[in-house]
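Here is the naming used below: chain letters follow the sequence lines, and residue numbers restart at 1 for every chain. Since the structure is predicted, the reported quantities are computational estimates derived from the model, not experimental observations.
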There are 2 protein chains.
Amino acid sequence: MATIYDVSVLAGVSLATVSRVMNNNTKVSDKTRQKVLDAMASLGYRPNTIAQSLASNCSNSVGVLVSQLDGPFYGPMMTEIETTLRTANKHVIIAAGHAQESQEKDSVEFLISRGCDALILDVEAVSDEYLIELYKGKTPIVLINRYIEVMKDNCVFLENERGGFMATDYILSLGHKDIAYISGPMYKGDARDRLQGHQRALSQHGIMFDPALWYEGNFREFGGEEGMRHLLSLNKKFTAVVCASDQMASGAIAACMEKGLKVPDDISIIGYDNIPFPQYIYPKLTTVSNPINEMGKMAALWVLKNIYHDTNVKVDCSFTPKLYVRDSAK
Amino acid sequence: MATIYDVSVLAGVSLATVSRVMNNNTKVSDKTRQKVLDAMASLGYRPNTIAQSLASNCSNSVGVLVSQLDGPFYGPMMTEIETTLRTANKHVIIAAGHAQESQEKDSVEFLISRGCDALILDVEAVSDEYLIELYKGKTPIVLINRYIEVMKDNCVFLENERGGFMATDYILSLGHKDIAYISGPMYKGDARDRLQGHQRALSQHGIMFDPALWYEGNFREFGGEEGMRHLLSLNKKFTAVVCASDQMASGAIAACMEKGLKVPDDISIIGYDNIPFPQYIYPKLTTVSNPINEMGKMAALWVLKNIYHDTNVKVDCSFTPKLYVRDSAK
DNA sequence: CTGTTAGCGCATTCAG
DNA sequence: CTGAATGCGCTAACAG
């Protein structure tokens, strides 16, 4: 592999000059520039990014930590992050935290020691305090899907309470009065916020929230299935179920089918997230959007702007959910 | 950030000794080792991996190139790759090729210039010749989901023809005679292989393959929907549809629902891939497995064994599909 | 077993 | 505008 030195020899210039044309910061005369370019071309020269990083103290790589790489959720987000960062010639180094505190911390350490210029974090197990500490550290971080007041400029988030409200509000507008709720796990902020929105919608319509009709799920299909079975076993009346995720809604629908209940004829169901797949579930899922992909993109843009000083970029870090009316509620 | 030098001073030893305890290759006396360890701890020392890479000419990072990061397909694969490599303290750098030749090539260049010690590639747009050229190059590569004879030791693949055979064979065993087929795009090897397996099963049962009952899809939901609509518009008799992917099968089921056709009562459908989601689709999808996650893991193990010389690992690169009988065919 | 000495490939002063 | 010199933090001979 040719080095900058080989190029300089072939071009008959100094090392520094070659470096200059690569980074075209300083002025180089067109003539010498061309000589260097020619030399690089004829040698098939490609800069050694490792050496660049060491010398410049900038790795051009950003670490991305998510809970999981699979599932309908993080894929689209990763796609946007990768695409956005790559057009700016930055590398994406990934790590998965698997929603476990120790693994999330390990991963952060890992990414920092890797010399990432910044970290994009979508973490759930780790405490606010830990993140604030990190925030004060040397490696800049952006949070996706999490809002912490003292570092709000580094947060990209969805207005979950509002989305929770919208979902239930829509169900109420359909005339339902007895509404069950399958939430995410309460240790997660977004699950709490969505539930809160649900409750606000209820009370705004003068309806009391009935804790018996609330099942704490896990955001996954299976949680929805379990939740629905549980609710059905209660022998309490309800005509609609609001689910805090599409995956749980899918599971809930499956559980209904299993019991011979028709959706939406016998029971209405609404999801949350608007992930791609449930559009192909029967019936098509009515839901509220969680534009996770756009949030990923925004986080990447944030990094481009604040770390790599790309001035052509503007970032707006608060996202508003949107209602998607399809066939699973009536 | 403390450097190896700071540690050496505090521990009262030389640079080299510190380096030795880090990489514990050469013998170091327990006493000095402990001194160094203490010094590292009290300084909160963390090695600069960039510098390590430059000096050792080993980046400890492996590049992973897939078509897409989202979808039900690559997520599980990435998860396994990341998990496997990370336990060995290797970094995963990702890139997406989006099934386009130029982007796939760009990504490969990108990953190579990043100094990856090896590349794991799941590419589709690029030619065999290109890959063989790459194979001869300096950076080792492993192929997932692709078999090229001359570099077969670097391939991790599924026996797609066999899976195609299994799916159709099962449908035939159910008594179906008139069977439609929605394939993947013919420029993809796995699509061709699956179709070939389908045809072999047919002919083995003395049934002629009817090209009119074949629709060339795109492996995605929408392709399945389109395909089913097309087949239905033909006014030709068929009682079962074999789909070359679960996503297309999902789309096909949706199209049936739309026309008021019941699956499996009016029409049987079988998929391919055994992705997680369709288990929650109604009816649950009968399918043939494509253990993409295991293949990802195997590719990672291959790298560990062949590049990082981990001897505790054994790799077996050929995977056999398996039939999963559920509810969508009878 | 441990210390000394060169680089790895490049960016970046500082002169000229 | 260009060249020479220095160092990023670490590994890897080579001595001792």
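- Phosphate proximity of dT2(D) to Thr17(A): absent, as no side-chain N or O sits under 4.0 Å from OP1 or OP2.
- Between the side chains of Tyr45(B) and Asp6(B), no donor N or O sits under 3.5 Å from an acceptor N or O.
- No contact: Asn57(B) has no heavy atom under 4.0 Å from any strand.
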N/O contacts under 3.5 Å, protein versus nucleotides 14-16 of chain D?
none

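- OP1 or OP2 of dA11(C) sits under 4.0 Å from a side-chain N or O of Gln52(A).
- Note that Arg86(B) lies in the cation-pi zone of Phe110(A), set by a 6.0 Å cut-off to the ring centre and a 45° limit from the axis.
- Put simply, OH on Tyr45(A) is 10 Å from P on dG9(C), counting in whole angstrom units.
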Identify each donor-acceptor pair in which a side-chain atom of residues 35-43 of chain A lies under 3.5 Å from a protein atom, sequence neighbours left out, and give them as a table.
residue, atom, partner, partner atom, Å
Asp38(A), OD1, Gln34(A), NE2, 3.1
Ser42(A), OG, Ala39(A), O, 3.3

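- Shown here is Asn57(A), whose CG atom has no more than 12 heavy atoms of other residues, nucleotides or ligands within 6.0 Å.
- Nucleic acid contact for Thr32(B): sugar-phosphate only, since backbone atoms but no base atoms lie under 4.0 Å from a heavy atom of the residue.
- Within the structure, every side-chain polar atom (N or O) of Ser19(B) is placed at least 4.0 Å from both OP1 and OP2 of dC10(D).
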Side-chain atoms of residues 294-302 of chain A: list all donor-acceptor pairs with protein atoms under 3.5 Å, sequence neighbours left out, distances to 0.1 Å.
residue, atom, partner, partner atom, Å
Trp302(A), NE1, Asp153(A), O, 2.9

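- Side-chain contact annotation: Gln68(B) with Thr79(A), donor-acceptor N/O pair under 3.5 Å absent.
- Counting only heavy atoms from C-beta outward, the side chains of Ile112(A) and Leu134(A) approach each other to under 4.5 Å.
- Taking 4.0 angstrom as the limit, Ser56(A) places none of its side-chain polar atoms (N or O) nearer than this to OP1 or OP2 of dC8(D).
- Of the residues near DNA chain C, Lys31(B) and Ala51(B), the one whose nearest nucleotide (by heavy atom distance) lies more toward the 5' end is Lys31(B).
- The interatomic distance linking Leu15(A) (CG) with dG7(D) (C1') rounds to 14 Å, in whole Å.
- The distance from atom CG of Leu54(B) to atom P of dC10(D) is 12 Å, rounded to the nearest whole Å.
- Between Ser29(B) and dT2(C), a side-chain N or O to OP1/OP2 separation shorter than 4.0 Å is present.
- With distances taken from any side-chain atom of Val28(B) to the nucleotides dT2(C), dC10(D), dG9(C), the minimum falls on dT2(C).
- The phosphate of dG9(D) (OP1 or OP2) has no side-chain N or O of Thr3(B) nearer than 4.0 angstrom.
- Met22(A) has its CE atom 11 Å from the P atom of dT12(C), to the nearest Å.
- Residue Tyr5(B) contributes atom OH, which lies 12 Å from atom P of dG7(D) at whole-angstrom precision.
- Between Ile50(A) and Gly12(B), the one whose closest nucleotide on DNA chain C sits nearer the 5' end is Gly12(B).
- Within the cation-pi definition used here (under 6.0 Å to the ring centroid, within 45° of the axis), Lys152(B) does not qualify as a partner of Tyr147(B).
- Atom CZ in Arg46(A) sits roughly 19 Å away from atom P in dC8(C) (whole-Å rounding).
- Straight-line distance from the CG atom of Asn60(B) to the P atom of dC10(D): 14 Å, rounded to whole Å.
- Within the nucleic acid shown, Val13(B) comes within 4.0 Å of sugar-phosphate atoms alone, with no base atom in reach, counting heavy atoms only.
- Rounding to whole angstrom units, CG of residue Asn48(B) and P of dG7(D) are separated by 18 Å.
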